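Data block below; observations after.
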Amino acid sequence: MNKITLIILTFSSIIAFSQQKKVSKLNPFENKNKSVTVYTSADSTSFRLSKTDEVAFAISKQPLETQTCIFVNPNKKFQTFLGIGGAITDASAEVFAKLSAPNQQQFLNAYYSKDKGIGYTLVRTNMSSCDFSSDSYSYVTEGDAKLTSFSIAHDQRFRIPLLKRAMAIIGKEASLFISPWSPPAFMKDNDNVLYGGKLLPQFQQSWANYYVKFIKALEKEGIPVWGLTIQNEPMAKQKWESCIFTASEERDFLKNFLGPTLKNAGLGDKKISVWDHNRDLLAQRVTTILDDPEASKYVWGIGFHWYETWSGGKPMYENVARVNEMYPNKNLLFTEGCVESFDAAKYQLWSNGERYGKSMINDFNSGTVGWTDWNVLLDQNGGPNHVQNFCFAPIHANLINDELIYTPSYYFIGHFSKFIAKGAKRISSVSSRSQLLTTSFMNPDGKVSTIVLNQSNTKVTYYLYIDTLAVEVTILPHAIQTLVY
């Protein structure tokens, strides 16, 4: 072998090695297990988070326009996943307390165990009463602006015991955040915790101190608080607990009172989210607060709900994406959603669950880091609720016969929460057909979870592509799948 031949062969080897490295980068599992495990929940079947297939990747050619495809690119990474969960309200805790001990444990496992359930890690809870309480209450006596009478004794009976049990199962991955619905009546201009009203200027410091008292009281009980929202639905005058904050009022309360008060109390590490209301006015609220550097420095993220559809409109997913583009260094967190207008005849209405799947895929693809459902548990009447504002939960309890009822929403949420781990990175996931929605996450252990939702009335065969590898999968009508590989 002469020197020229040797040089050519060496150069060819370098090129081949370089190409192999390039392929391996795009396909992180190239030399590992190439199988895909498929989990399915489907309408009009018994499939509920069921393992339905095990298929293998193979080298594939250029996809054709006649094929339906999902294209995943593990090299295009986006936001870091925080978690998924739901709210432990007074209503949830009261219903839980009335269950038999075996059903209590079944319920806890169903939500908070990764192995036996769907692995919730996010917990929201109310500070003072909300509509899903059996009555209106405050933690201080009337007129006590100094908060000397502050006590969470009301919560000791039901809510704190449930919070402790849930948090114990979740463990170190738990992220609990608090949300207030209304200051005490004497702090407001309508002298009522209901029907909106506004926080009186002279009580802004006292109200900021209230958050500190509540956080420290929970942590004294061994319940760590990760974060908070400033006000639940600050533009809604409701017949239940509510309080109005305009964008500028929320901004000024945060930068002049709440932010400094938390910091001075040693609670500056708590993650503060603003807004905590619908997607419709999201951009205006966020711009007003985050364009003020003194307010923005206290803001971890932006909370939002899905009830902008109350007027018959469509979900404003694009507003979430626009805010993410404007403020990429802040975090988007879905803080509440539920199916309203409870009707026991619709427990198993599949479209209720599909609403969750569509929202979660679109919200995650718009940059959302976490997703929090409303009540984790309600009774057979969609309550208790002291203003008869009944709604659905993923799990209901029929307290007449001590039965747990799992609705489609539970399974749709589980297709995300069970398979996406805290710290996962969303990666690019694109569908070639509008009837299939998709999102994908790469977990810290390198495994990918791709969620696919079929919105159509027909069965669809599609190909999951990663560069030159592809796998053929079939999804039933109105089904959701999680592909793990």
Side-chain angles (χ1 to χ4, degrees), residues 85-98 104 108 122-168 170 174-188 193-194 199 203-232 240-243 257-258 261-262 264-267 269-273 276 335-336 372 374-377 384-386:
I88 294 180
T89 57
D90 291 311
S92 296
E94 289 171 31
V95 174
F96 175 82
K98 295 174 183 176
Q104 286 186 348
L108 290 168
L122 285 183
V123 180
R124 186 188 190 208
T125 199
N126 48 293
M127 181 172 78
S128 300
S129 58
C130 64
D131 48 333
F132 280 91
S133 303
S134 291
D135 58 352
S136 295
Y137 64 89
S138 170
Y139 298 130
V140 296
T141 57
E142 183 65 19
D144 179 16
K146 294 183 179 180
L147 312 182
T148 55
S149 61
F150 191 95
S151 170
I152 59 168
H154 177 281
D155 300 345
Q156 295 283 3
R157 185 179 178 193
F158 298 118
R159 192 147 50 99
I160 286 176
L162 177 53
L163 285 169
K164 286 182 176 180
R165 293 183 69 177
M167 296 287 279
I170 300 170
S175 298
L176 180 145
F177 65 100
I178 64 169
S179 297
W181 268 246
S182 175
F186 71 88
M187 293 188 186
K188 297 172 65 181
V193 296
L194 316 178
L199 177 66
F203 292 114
Q204 290 186 94
Q205 185 58 60
S206 183
W207 182 228
N209 294 341
Y210 199 99
Y211 296 75
V212 171
K213 291 272 192 181
F214 185 57
I215 291 170
K216 289 189 172 182
L218 286 180
E219 296 197 330
K220 188 177 180 180
E221 291 290 331
I223 302 170
V225 176
W226 167 83
L228 63 148
T229 66
I230 298 174
Q231 169 63 46
N232 177 71
W240 54 86
E241 285 81 350
S242 45
C243 185
F257 295 96
L258 183 58
T261 299
L262 289 169
N264 293 337
L267 302 174
D269 62 332
K270 306 307 179 189
K271 307 300 189 288
I272 300 175
S273 293
D276 201 10
T335 47
E336 185 186 316
T372 322
W374 190 206
N375 302 277
V376 291
L377 178 67
N385 183 296
H386 71 91

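Just so it is clear, the structure is predicted and the values come from calculations on it, not from any experiment.
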Completion exercise
Checking Y139, W207, F177, F150 against F214 for ring pair (Phe, Tyr, Trp, His ring centres under 6.0 Å), the one that qualifies is Y139
Practice task
State, with a plain yes or no, whether a side-chain heavy atom of T125 is found less than 4.5 Å away from one of I223.
Solution key: no
Completion exercise
Tightest non-hydrogen contact, residues C243 and L199, listed as SG-N, 3.8 Å
Completion exercise
From the list V225, L262, L228, side chain to side chain contact (heavy atoms under 4.5 Å, CB included) partner of L267 resolves to L262
Problem - Partners passing side-chain contact (heavy atoms from CB on, under 4.5 Å) against N126 (at least two apart in sequence or in another chain) - result: T89, D90, C130, S133, Y137, R159, W181
Practice task
Taking S92 for its side chain and L377 for its backbone only, find out whether a donor-acceptor pair lies under 3.5 Å.
Solution key: yes
Handout entry: Distance (rounded to the nearest 0.5 Å) between S242 OG and K188 NZ
Key = 5.5 Å
Problem - Heavy-atom check, side chain of L163 versus side chain of D155, under 4.5 Å - result: no
Practice task
Of all the heavy-atom pairs spanning S129 and D135, show the shortest one and how long it is.
Solution key: CB-O, 3.5 Å
Completion exercise
Shortest non-hydrogen pair, N375 vs A91, comes out as OD1-CB, 4.4 Å
Problem - pair P180-Y211: side-chain heavy atoms closer than 4.5 Å - result: yes
Problem - Note, K146 side chain near D144 side chain (heavy atom, < 4.5 Å) - result: yes
Problem - Over all atoms of both residues, closest heavy-atom pair of F203 and A145 - result: CE2-CB, 3.7 Å
Problem - Atom pair CD1/NZ of I178 and K270 - distance to nearest 0.5 Å - result: 9.5 Å
Problem - Pairwise distance CG(L122) to CG(L176) - rounded to 0.5 angstrom - result: 9.5 Å
Problem - Non-hydrogen side-chain atoms of I230 and D276 separated by less than 4.5 Å - result: no
Practice task
Begin with the C-alpha distance, continue with both residues' side-chain angles, and end with the deciding distance and a verdict on side chain to side chain contact (heavy atoms under 4.5 Å, CB included) for S138 and F186.
Solution key: CA-CA 11 Å; S138 170; F186 71 88; 5.9 Å; no
Problem - Residue pair L108 / L162, side-chain heavy-atom distance below 4.5 Å - result: yes
Practice task
Say whether E94 and S134, considering side chains only, have a donor N or O and an acceptor N or O under 3.5 Å apart.
Solution key: yes
Handout entry: side chain to side chain donor-acceptor pair (under 3.5 Å) against E336, all qualifying residues, sequence neighbours excluded
Key = R124, Y307
Exercise for the section: Could you give me the CA-CA distance, side-chain angles and deciding distance for V123 and I170, then say whether side chain to side chain contact (heavy atoms under 4.5 Å, CB included) is met? Expected result: CA-CA 10 Å; V123 180; I170 300 170; 3.8 Å; yes
Practice task
Mind checking the CH2-NZ spacing from W226 to K271? Nearest 0.5 Å is all I need.
Solution key: 7.0 Å
Problem - Heavy-atom side-chain proximity of L194 to S182 below 4.5 angstrom - result: no
Exercise for the section: State, without any angle test, whether S179 and N232 hold a side-chain donor-acceptor pair at a distance under 3.5 Å. Expected result: no
Fill in the blank from the handout: Distance col, row K213:NZ vs L218:CG, nearest 0.5 angstrom, shows 14.0 Å
Practice task
Calculate, to the nearest 0.5 Å, the distance between atoms CE and CD1 belonging to M167 and I88 respectively.
Solution key: 8.5 Å
Exercise for the section: Of all the heavy-atom pairs spanning E241 and H386, show the shortest one and how long it is. Expected result: OE1-NE2, 2.9 Å
